[in-house]
Amino acid sequence: MIDTGDLRKGATMEFDGRLVKVIEFAHNKQGRGSAQVRLTLRDLRSGSITQHSVQAGSRWPAVRLERKHVQYLYPDGEQYHFMDLDTFDQ
């Protein structure tokens with residue numbers, strides 16, 4: 001889990017059911033109220049950038065991404081097939 005104290009630029013997490021990357025964050029404490037964290041997030045699927053304000057102490061599931069060099073082979077209906085260039089697995 002990633003909470004607001006563990007946020008870093010470039011961190012990847014699940015936010016509202018979407019995979020997002022943290023572009024910027026700012027911790028903001030004004031007066032008597034609770035602290036707010038202002039997030040600028042990039043959706044990894046669509047590439048859109050959104051801004052959100054959340055309460056300090058909020059938590060989200062962390063995700064682990066792996067990057068591999070693959071070769072695109074062919075589409076099959078709604079699926080796409082790729083080949084791993086190291087092991088030749090599809």
Side-chain angles (χ1 to χ4, degrees):
M1 296 295 278
I2 296 177
D3 67 0
T4 54
D6 296 331
L7 284 175
R8 302 285 180 261
K9 287 184 180 179
T12 305
M13 63 184 181
E14 185 178 336
F15 187 85
D16 290 339
R18 300 176 297 143
L19 289 177
V20 296
K21 182 176 184 179
V22 176
I23 296 175
E24 285 187 25
F25 66 97
H27 190 266
N28 192 8
K29 172 79 168 118
Q30 293 182 357
R32 296 166 123 202
S34 62
Q36 295 280 320
V37 177
R38 184 91 173 144
L39 300 171
T40 303
L41 305 171
R42 178 185 309 268
D43 188 320
L44 294 179
R45 294 186 195 272
S46 68
S48 63
I49 295 176
T50 58
Q51 292 186 346
H52 299 276
S53 290
V54 295
Q55 295 287 337
S58 297
R59 301 179 79 181
W60 305 277
V63 295
R64 189 181 78 144
L65 299 177
E66 293 182 19
R67 294 184 181 260
K68 290 187 172 189
H69 290 285
V70 296
Q71 180 181 359
Y72 172 73
L73 297 176
Y74 59 92
D76 184 20
E78 293 183 6
Q79 295 187 356
Y80 298 96
H81 294 267
F82 297 89
M83 178 178 65
D84 186 342
L85 295 176
D86 295 330
T87 63
F88 302 107
D89 289 337
Q90 291 187 19

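For this chain, numbers begin at 1 and follow the sequence in order.
Separation of atoms CE (Met1) and CZ (Arg59) is listed at 5.0 Å; rounding is to 0.5 Å. With rounding to the nearest 0.5 angstrom, the NZ atom of Lys29 is 10.0 Å from the CD atom of Gln36.
Partners of Glu14 under the side-chain hydrogen bond (donor to acceptor under 3.5 Å, both in side chains) rule, at least two apart in sequence or in another chain, do not exist in this structure. Judged as a salt bridge (Lys or Arg N to Asp or Glu O under 4.0 Å), and not counting sequence neighbours, Arg38 has no contacts. Qualifying side chain to side chain contact (heavy atoms under 4.5 Å, CB included) partners for Asp43, counting only residues two or more places apart in sequence or in other chains: Arg18, Arg45, Ser46, Ser48. A search for ring-ring contact (aromatic ring centres under 6.0 Å, His included) contacts involving Phe88 returns nothing, not counting sequence neighbours. The salt bridge (Lys or Arg N to Asp or Glu O under 4.0 Å) search around Lys9 returns none, not counting sequence neighbours. In this view, Ile49 and Ile23, Thr40, Arg42 satisfy the side chain to side chain contact (heavy atoms under 4.5 Å, CB included) rule, not counting sequence neighbours. Partners of Asp3 according to the salt bridge (Lys or Arg N to Asp or Glu O under 4.0 Å) rule, which considers only residues two or more places apart in sequence or in another chain, do not exist here. Arg64 is linked by a salt bridge (Lys or Arg N to Asp or Glu O under 4.0 Å) to Glu66, counting only residues two or more places apart in sequence or in another chain.
Within the structure, ring-ring contact (aromatic ring centres under 6.0 Å, His included) pairs that include any residue of residues 36-79 comprise Phe15-His52, Phe15-Trp60, Tyr72-Phe82, Tyr74-His81 (at least two apart or interchain). Residue pairs that meet the salt bridge (Lys or Arg N to Asp or Glu O under 4.0 Å) test with at least one member in residues 74-90, sequence neighbours left out, are Lys68-Asp84. Within the structure, the ring-ring contact (aromatic ring centres under 6.0 Å, His included) test picks out no pair touching residues 18-44 (sequence neighbours left out).
No more than 12 heavy atoms of other residues, nucleotides or ligands sit less than 6.0 Å from atom CD of Gln79. More than 12 heavy atoms of other shown residues, nucleotides or ligands fall within 6.0 angstrom of atom CD in Gln51.
At least one side-chain heavy atom of Leu7 sits under 4.5 Å from a side-chain heavy atom of Ile2. You'll find the side chain of Leu41 reaches within 4.5 Å of the side chain of Met13, heavy atoms only.
The shortest heavy-atom contact between Val22 and Arg8 is CB-O, 3.6 Å.
Leu39 and Leu19 are not part of a single hydrophobic cluster, where members link through side-chain heavy atoms under 4.5 Å apart.
Judged by distance alone, the side chains of Ser34 and Gln55 do bring a donor and an acceptor atom under 3.5 Å apart.
Side chain of Thr12 to main chain of Lys21: no donor-acceptor pair is present (N/O by atom type, distance under 3.5 Å, no hydrogens or angles).
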